[in-house]
Amino acid sequence: MGPGSQAGEMIFLTSKEKAVIRRYAIVCQLWREGDQGFPGLEYDMAAGCSILAGRIAIDTRSRHIIGSDAGDRAFHAAIFYNDRRAVPEIAAKDLRRLRRYIVQRKGVLPVRNSVRVRGERRREGVAGFCRKLLVKLGVRRRARRHLRGLQ
């Protein structure tokens, strides 16, 4: 099956471990380019699966509950193995904040800086980042309209 589990064995996650997995999934969706969806994450955690959302491998013997991420190995290495070179597009300061937020639940979720990176389109500001977060979390349309009125 997966690392840290026997074949057919259910993995029981604590609420703290589930919270780390959720924070990792949210940050990965918001900070990485492309489709970073995690379909079935909550169902897989409740079912005790060793592979969550078809990509996150759970390792109960690991220092961090997430053993690997087949969908984004570089981001996983940057967060859990402190490999700053794995994601050079994220500033070192932001990476430290992301790591601290995911692993220790300290600080707040950092927002992407709205600066122009050479060769890329202008990155979204705080309002765009919040709108994207609300859509990913499935927040109702009325709340999104309220956010639009704050701009």
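Please read these numbers as outputs of a predicted model, since none were measured by experiment.
Ring centroids of His64 and Tyr24 are separated by 6.0 Å or more, keeping the two rings apart.
Taken from CG in Leu95 to CD in Glu89, the straight-line distance is 9.5 Å, to the nearest 0.5 Å. The structure places SG of Cys49 at 10.0 Å from CG of Leu13, a figure rounded to the nearest 0.5 Å.
Across all non-hydrogen atoms, the minimal contact from Cys28 to Arg55 is SG-NH2, 3.8 Å. Ile65 and Thr60 make their closest contact through CD1-CA, 4.2 Å (heavy atoms, listed as atom of the first residue, atom of the second, distance). Summarising the geometry of Ala25 relative to Leu41, their closest heavy-atom pair is CB-CD2, 3.8 Å, with the distance given to 0.1 Å.
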**Report entry** side chain to side chain contact (heavy atoms under 4.5 Å, CB included) evaluation trace for Ile66 with Asp59
**Finding:** CA-CA 6 Å; Ile66 300 175; Asp59 186 358; over 6 Å; no
Query - From CA spacing to verdict: side chain to side chain contact (heavy atoms under 4.5 Å, CB included), Arg96, Arg84 - result: CA-CA 9 Å; Arg96 278 193 308 274; Arg84 214 176 113 212; over 6 Å; no
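Judged by distance alone, the side chain of His76 and the main-chain N or O of Ala70 form no donor-acceptor pair under 3.5 Å. A donor-acceptor pair under 3.5 Å is formed between the side chain of Asp44 and the backbone N or O of Ala53. Judged by distance alone, with hydrogens and angles left aside, the side-chain atoms of Arg99 form a donor-acceptor pair with the main-chain N or O of Ala78 at under 3.5 Å.
For residues 13-28, the set of pairs meeting the salt bridge (charged side-chain N to carboxylate O under 4.0 Å, His left out) definition, not counting sequence neighbours, comprises Arg22-Glu42.
Taking the side chain as every heavy atom from C-beta outward, Ile102 and Phe80 approach each other to under 4.5 Å. Residues Phe75 and Ile90 form a side-chain contact, since some pair of their non-hydrogen atoms from C-beta on lies under 4.5 Å apart. Side-chain contact between Ile79 and Val87: absent, with no pair of heavy atoms (C-beta onward) separated by less than 4.5 Å. Taking 4.5 Å as the limit, some side-chain heavy atom of Phe38 sits within range of a side-chain heavy atom of Ile56.
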